[in-house]
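Chain naming here is simple, since letters A, B, ... match the order of the sequence lines and numbering starts at 1 in each. Because only heavy atoms are used, hydrogens play no part in the values below, and waters and symmetry mates are left out as well, while side chains stay in.
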There are 2 protein chains.
Amino acid sequence: MLLQDRTSASCAPARCLSCKARGNSLCAAMADGELSALHAIGRRRNLPAGQAFNWAGDRNHHCATVVEGMLKVTASTSDGREQIVGLLFPGDFVGELFADDATLTVSALCETDLCTYPRAAFERTLEDHPRMERLLLRRTLLALGDARGRMLALGRRNARERIAGFLLDLVERTGRPAANGGTRIAIPISRGEMADYLGLTIETVSRQLSQLKAAGILAFAKGDRGCTVLREASLQAILNPA
Amino acid sequence: MLLQDRTSASCAPARCLSCKARGNSLCAAMADGELSALHAIGRRRNLPAGQAFNWAGDRNHHCATVVEGMLKVTASTSDGREQIVGLLFPGDFVGELFADDATLTVSALCETDLCTYPRAAFERTLEDHPRMERLLLRRTLLALGDARGRMLALGRRNARERIAGFLLDLVERTGRPAANGGTRIAIPISRGEMADYLGLTIETVSRQLSQLKAAGILAFAKGDRGCTVLREASLQAILNPA
DNA sequence: GCCGCGATTTGACCGGCGTCAAAGCCCCCG
DNA sequence: CGGGGGCTTTGACGCCGGTCAAATCGCGGC
């Protein structure tokens, strides 16, 4: 163990060098030699689709970074209504730092690989590596900006506008030019999860998508998640009314 | 100028020593001697009630910390619907770091004193003082947690529940025991601002408050902002239904 | 192919909250 | 003391989106 630490201090651990999330995760702040500090406390973990990484109310022992896959972060009311308050993609940091108890539930939207760390050890590592702390600050600020945009959507936009905004986000994140001049996007989550993300119900989401299809703005290929956006400008017009 | 910097490097600038926000602002991370770094780039500024510190869409030149007073951070749609996405109190940091353009509008809810900094200079100071950066990270994480709680409220709670939650927040923040065994709270903002904060309309806020009064849960003294909570447990029960 | 199950879509209905309007209240100022 | 303007309350009404229910689709297993 000690020996391994010493050797890996001079060259990055193999698991890290081949890591798909390296480069856009917090690890990017670490020089190859420093990675051993994280490597020593990190464990790889695979999370099957649907399974929770942790539950709101549990003691908050672990944090992680997403290596591959997607997670949702949800908050819920005492009677079970649920709101997705964040989505996490490869490279994103997972967890609530500096808090003894978790207030949010994190679970996998599809099969997901994580690099998990004991929270206490991670926080210590953070203190020792200001570059990593700085990177985390930037990410947290981005997440906060995102959260604020979603507060506007949840508080002030109607169902049509929320759907349009969501689809435009997907265009930006996953859009690829389609044959017919439209843009093909993946919709990586179920209707129910879209509803939880947008603060709507499944039925409303489905109806709105049907209307957009009827209006010739969207087209669905049968039997797959995803669709192609035929008239992006129309979505923009819905999102930003005069 | 240079001379002043040198002298103040050995003892904290007088303005900082007497600052009411010292101790719970980012400055708390600075030893007395370090404060000159902030002092040199900071300017005091007084903002009359209602006036904006900056507008969404402007170049993002300045940030600040709140010395005294209260600010609101608002996001709005292209057609003018407005959502308050944050409230700022003495000691809180004001501004969107690492962004060239402001996406949010910040304005004073009452007469407010700020200590403002050019954003670029502040970011440089941050780099030189990891303790301050760490404090900012903690605050940003708290703000993110708060934002997520508000997403749940805006996305999944009805008007009654939002009002109850808001009042309970005020009890925690400003509550003082009242003569009749109730808790006296200050409501430091107008009905319109409450509505913007809660994602409701003025009329709905007013109606809900009237209902709580009729139910004997709240009592309003005539002619002042504020009220006393007679039955806090009832508010809890509204916020967390079975 | 056929069945069964979950996800999605569609329909009917209704209630909460937004909208529009008017009245009331408070405070400032003359 | 009276008048005016802004904030707040209250009322009437309509619509959006939630609820309940049923039909349809998609897919895997046998």
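- Across D/dG17, D/dT19, D/dT10, the shortest atom-to-atom separation from the side chain of A/Arg207 is found for D/dT19.
- Taking atom CD1 of residue B/Ile202 and atom P of nucleotide D/dC7, one finds them 8 Å apart after rounding to whole Å.
- Straight-line distance from the CE atom of A/Met194 to the P atom of C/dA7: 16 Å, rounded to whole Å.
- Atom CG of A/Leu97 and atom CG of A/Leu136 lie 6.0 Å apart (nearest 0.5 Å).
- Remark: P of C/dA7 and CD1 of A/Ile187 are 17 Å apart, rounded to the nearest angstrom.
- If you take CD of A/Glu82 and C1' of D/dG18, they are 17 Å apart, rounded to a whole angstrom.
- Put simply, the side chain of B/Glu203 and the base of C/dC17 share no donor and acceptor less than 3.5 Å apart.
- Counting to the nearest Å, the C1' atom of D/dG17 and the CZ atom of A/Arg81 are 15 Å from each other.
- Considering only side-chain atoms of B/Ser206, the nucleotide from C/dC17, D/dT9, C/dT10 that sits closest is D/dT9.
- In this structure, CG of A/Asp196 is placed 12 Å from P of D/dG18, rounded to the nearest angstrom.
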Run the side-chain contact (heavy atoms from CB on, under 4.5 Å) check on B/Asp101 and B/Asp58 step by step: do they pass? CA-CA 6 Å; B/Asp101 297 289; B/Asp58 285 358; over 6 Å; no

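- Contact annotation: B/Thr201 reaches the phosphate of C/dG18 (side-chain N/O to OP1 or OP2, under 4.0 Å).
- One can place CZ of A/Phe220 at 14 Å from C1' of C/dA7, the figure rounded to the nearest angstrom.
- Closest to the B/Asn158 side chain, of the nucleotides C/dT9, C/dT19, C/dC17, is C/dC17.
- Both tests do not hold together for B/Arg139 against B/Phe93: distance to the six-membered ring centre under 6.0 Å, angle to the ring axis within 45°.
- Residue order along DNA chain D, read from the 5' end via each residue's closest nucleotide, puts B/Ser190 first among A/Arg157 and B/Ser190.
- Across all strands shown, B/Leu200 has heavy atoms under 4.0 Å from sugar-phosphate atoms exclusively, and none from any base.
- In this entry the distance linking CD of A/Gln211 with P of C/dG11 reads 11 Å, nearest Å.
- Under 4.0 angstrom from either OP1 or OP2 of D/dT10 there lies at least one side-chain N or O belonging to B/Ser210.
- In terms of phosphate contacts, A/Thr204 brings a side-chain nitrogen or oxygen within less than 4.0 Å of OP1 or OP2 of D/dG18.
- In terms of heavy atoms, B/Arg45 sits closest to B/Ala52 at NH2-O, 4.1 Å.
- Checking each of B/Val67, B/Leu88, B/Val66, B/Asn46 against B/Leu114 for a side chain to side chain contact (heavy atoms under 4.5 Å, CB included) leaves exactly one that passes, namely B/Val66.
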